[in-house]
Amino acid sequence: MGPGPLSIQPVTQSLDSIANGLFQLKVLTQVGLLRPHRPDRVARAVYELQRWGTSPAAGATIQALLYADEPAIIDEAGQLTFAETHARSNALANSWAEAGIKPGHGIAIMTRDHRGFIEATIAASKLGANALYLNTSFAAPQLRDVIAREQPTAIVYDSEFGSLLEGAGEGIRRFVAWHEGEKGIEPTLEELIEVGDRSNLSPPAENGRFTILTSGTTGTPKGAQRAEPDGLGPLAALFSKIPLRARGTTAIAAPLFHSWGFTHFLLGLTLGSTLVLRRRFDPEGSLQAAAEHGADALIAVPVMIQRILELPDETLRRYRLPKLRVTGLSGSALPGELATEWMDRFGDNIYNLYGSTEVAWATIATPEDLRAAPGTAGRPPRGTMVKILDEEGHELPPGETGRIFVGNEMAFEGYTGGGDKERVEGLLSSGDVGHFDPAGRLFIDGRDDEMIVSGGENVFPREVEDLLAKHEKVAEAAVVGVDDEKFGQRLKAYVVTNGKAKLSEDEVKDYVKANLARYKVPREVVFMDELPRNPSGKVLKRELD
């Protein structure tokens, strides 16, 4: 009897593994992560990577070996090298250990963008503690609810947030990261670092986790917990689409507690990049910092580059960004006209990532995508699957709008308080609806919970918002659904005009009527000085009356 049928599945899996390995090797070489170093340092770096995995602790340890005297952080307190950052985070971790913080304990972090955020995160990683990142715009009730649910052992905060945190977490250890005004009774991170043992720690039995909170635009923020990736595949996928380079300079304007800012802190640590931070976003200040330090990457949310472009022309001409390779955007919708205006002035360097706290990333739009199809969210990077599904879970063809489902290695593990996003065959709902064009580019049509039915027709506010953003007299607009006796629901628009431009309600309605179906014309138009937004740039529609 001859041999039985040969199974091709193991062979296919083996070929896929080889292909993925070659892809990672190619990308990491292009990025500059695989470059010549002294053999003894390379051996030690490999050893530390095996010990610590892909954690922030590993990044800090390895970069201190390879680039000890190179600048790691530049903030308003000055400059720290990689060796200093490593030693200081050792000291902080050892001081916390003496204070009773153990592996598996939770450390809540509520700071602006400065060294304290980074040192606290690395120290928590070295201890094996779990880090919980609090949004600096949360109100006291939200903070109380989150801390009561998550039960951290300690809170790290800037002194300006002390009053907000007064009633949150009775008996929790408190540490001040950035001090302003008179010093309180709580110890500061700087004091703990000064007295802490700077010797290296041993890796914990299990690495800590990071919990990024949802934006809370629709209620109490949820905690989205995720573990560290098993390998370098997700990093290689990002680097293949966004041309960041090792030992570059990254100016992070986006909040570090937000998943976009946090991602680039981790990427910068992996690449051995110098991180340029400012505690608060200021349009001219952020532009000046990027120019002064020769940044080759600027990480922001779309509303930030909108604010920069609103600066007087003479101010914009004052700052040149000749080294800027990447303007990385995420966190909220990117109008096509905004991307084009930025690239016309500062070069074709916008890379816009579409994703969420839960799914991590779904697609990335390159400058070529944004030139060819302004407003697109781009295409999925390697290792990510995106499908458009109807209400029954069937995949829709290009051009048809449906719910967006995403699958990749970086999806979250579920909400810390229980619950999950909807999953279909291993794919996670992004919470949005959209469609693919014939070229395979994704477009976001709106939130799946914002769709209204007006006179029997499905209407997505995002379409009207995008149209209004194109009007020469409109700076920005938000559209919501309201009850209507005749049609069931209609749209209501909130409009911010450009400067002192005059615009009437009838002009807005006529503009929409001339470009979209009549049932998409807002029933009412309200003019505002500015739209309410959270730090990541998302409009807080619940605050619109």
Side-chain angles (χ1 to χ4, degrees), residues 215 217-219 332-337 354 356 373-377 388-405 421-422 429-437 442-497 503-528 530-533 538-545:
S215 59
T217 54
T218 57
S332 61
L334 173 64
E337 292 70 25
Y354 163 66
S356 70
T376 182
I388 308 296
L389 306 181
D390 64 16
E391 291 299 325
E392 286 72 46
H394 301 128
E395 189 169 3
L396 294 172
E400 292 195 25
T401 294
R403 301 169 67 203
I404 301 172
F405 281 78
K421 294 284 274 188
E422 183 180 353
S429 168
S430 75
D432 292 322
V433 291
H435 67 275
F436 282 110
D437 70 4
L442 180 68
F443 288 80
I444 311 303
D445 298 321
R447 295 286 300 172
D448 60 8
D449 57 0
E450 286 186 356
M451 187 192 80
I452 70 167
V453 180
S454 183
E457 300 284 353
N458 293 342
V459 181
F460 293 100
R462 171 71 182 272
E463 183 180 13
V464 182
E465 290 170 348
D466 287 346
L467 175 67
L468 291 175
K470 296 177 182 178
H471 194 290
E472 62 181 7
K473 294 183 180 180
V474 174
E476 53 186 349
V479 178
V480 300
V482 294
D483 293 335
D484 184 90
E485 291 183 3
K486 182 178 180 181
F487 294 96
Q489 288 181 297
R490 288 287 295 275
L491 295 179
K492 182 176 182 179
Y494 295 83
V495 174
V496 178
T497 59
L503 191 64
S504 70
E505 181 173 2
D506 286 342
E507 284 179 291
V508 173
K509 291 180 178 180
D510 289 344
Y511 175 68
V512 177
K513 188 183 302 182
N515 291 278
L516 298 175
R518 294 181 65 87
Y519 56 83
K520 297 178 182 179
V521 177
R523 183 188 69 182
E524 184 181 353
V525 179
V526 177
F527 293 97
M528 306 181 71
E530 63 180 9
L531 298 177
R533 293 180 182 271
K538 290 181 180 177
V539 175
L540 299 173
K541 291 190 174 182
R542 70 172 186 270
E543 295 185 8
L544 298 173
D545 55 41

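We count residues from 1, following the sequence as given.
With sequence neighbours excluded, the residues forming a side chain to side chain donor-acceptor pair (under 3.5 Å) with S430 are Y354, listed by chain and number. Residues passing the side chain to side chain donor-acceptor pair (under 3.5 Å) test with E505 are K509, sequence neighbours excluded.
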V474 and V508: side-chain contact (heavy atoms from CB on, under 4.5 Å), yes or no, with the steps? CA-CA 9 Å; V474 174; V508 173; 5.6 Å; no
Does the side-chain contact (heavy atoms from CB on, under 4.5 Å) test come out yes or no for H471 and V495, once each step is laid out? CA-CA 11 Å; H471 194 290; V495 174; over 6 Å; no
Determine, stepwise, if the pair V479 / L468 fulfils side-chain contact (heavy atoms from CB on, under 4.5 Å). CA-CA 10 Å; V479 178; L468 291 175; 4.2 Å; yes
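Using cut-offs of 30° and 60° on the angle between ring planes, the pair H435 and F443 is parallel.
Contact check on K470 versus D466 returns no salt bridge, with no Lys/Arg side-chain nitrogen under 4.0 Å from an Asp/Glu carboxylate oxygen.
Among the candidates E450, R447, K520, the single residue satisfying the side chain to side chain contact (heavy atoms under 4.5 Å, CB included) test with P461 is E450. The only member of L389, D448, I444 that meets side chain to side chain contact (heavy atoms under 4.5 Å, CB included) when paired with V433 is D448.
What you find for E465 and A477 is that their closest heavy atoms are CG-O, 3.9 Å. L503 and K473 get closest at one heavy-atom pair: CD1-CD, 4.0 Å. The two residues V464 and P522 make their nearest non-hydrogen contact at CG1-CG, 4.5 Å. Taking both residues in full, the closest heavy atoms of R462 and G446 are given as CB-CA, 3.7 Å, listed atom of the first, atom of the second, then distance.
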Going by atom type alone, with no hydrogens or angles, which donor-acceptor pairs under 3.5 Å involve a side-chain atom of residues 392-405 and a protein atom two or more places apart or on another chain?
residue	atom	partner	partner atom	Å
T401	OG1	D445	OD2	2.7
R403	NH1	E422	OE1	3.3
R403	NH2	E422	OE1	2.4

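No side-chain donor-acceptor contact under 3.5 Å links Y519 to the backbone of V459. A donor-acceptor distance shorter than 3.5 angstrom exists from the side chain of R523 to the backbone of D483, with no hydrogens or angles considered. For the pair E507 (side chain) and S504 (backbone), a donor-acceptor distance under 3.5 Å is present.
Rounding to the nearest 0.5 Å places CG of L544 at 8.5 Å from NZ of K492. Here the CG atom belonging to L516 is positioned 8.5 Å from the OH atom belonging to Y511, to the nearest 0.5 angstrom. With rounding to the nearest 0.5 Å, the separation of OG1 in T497 from CD in E476 is 10.5 Å.
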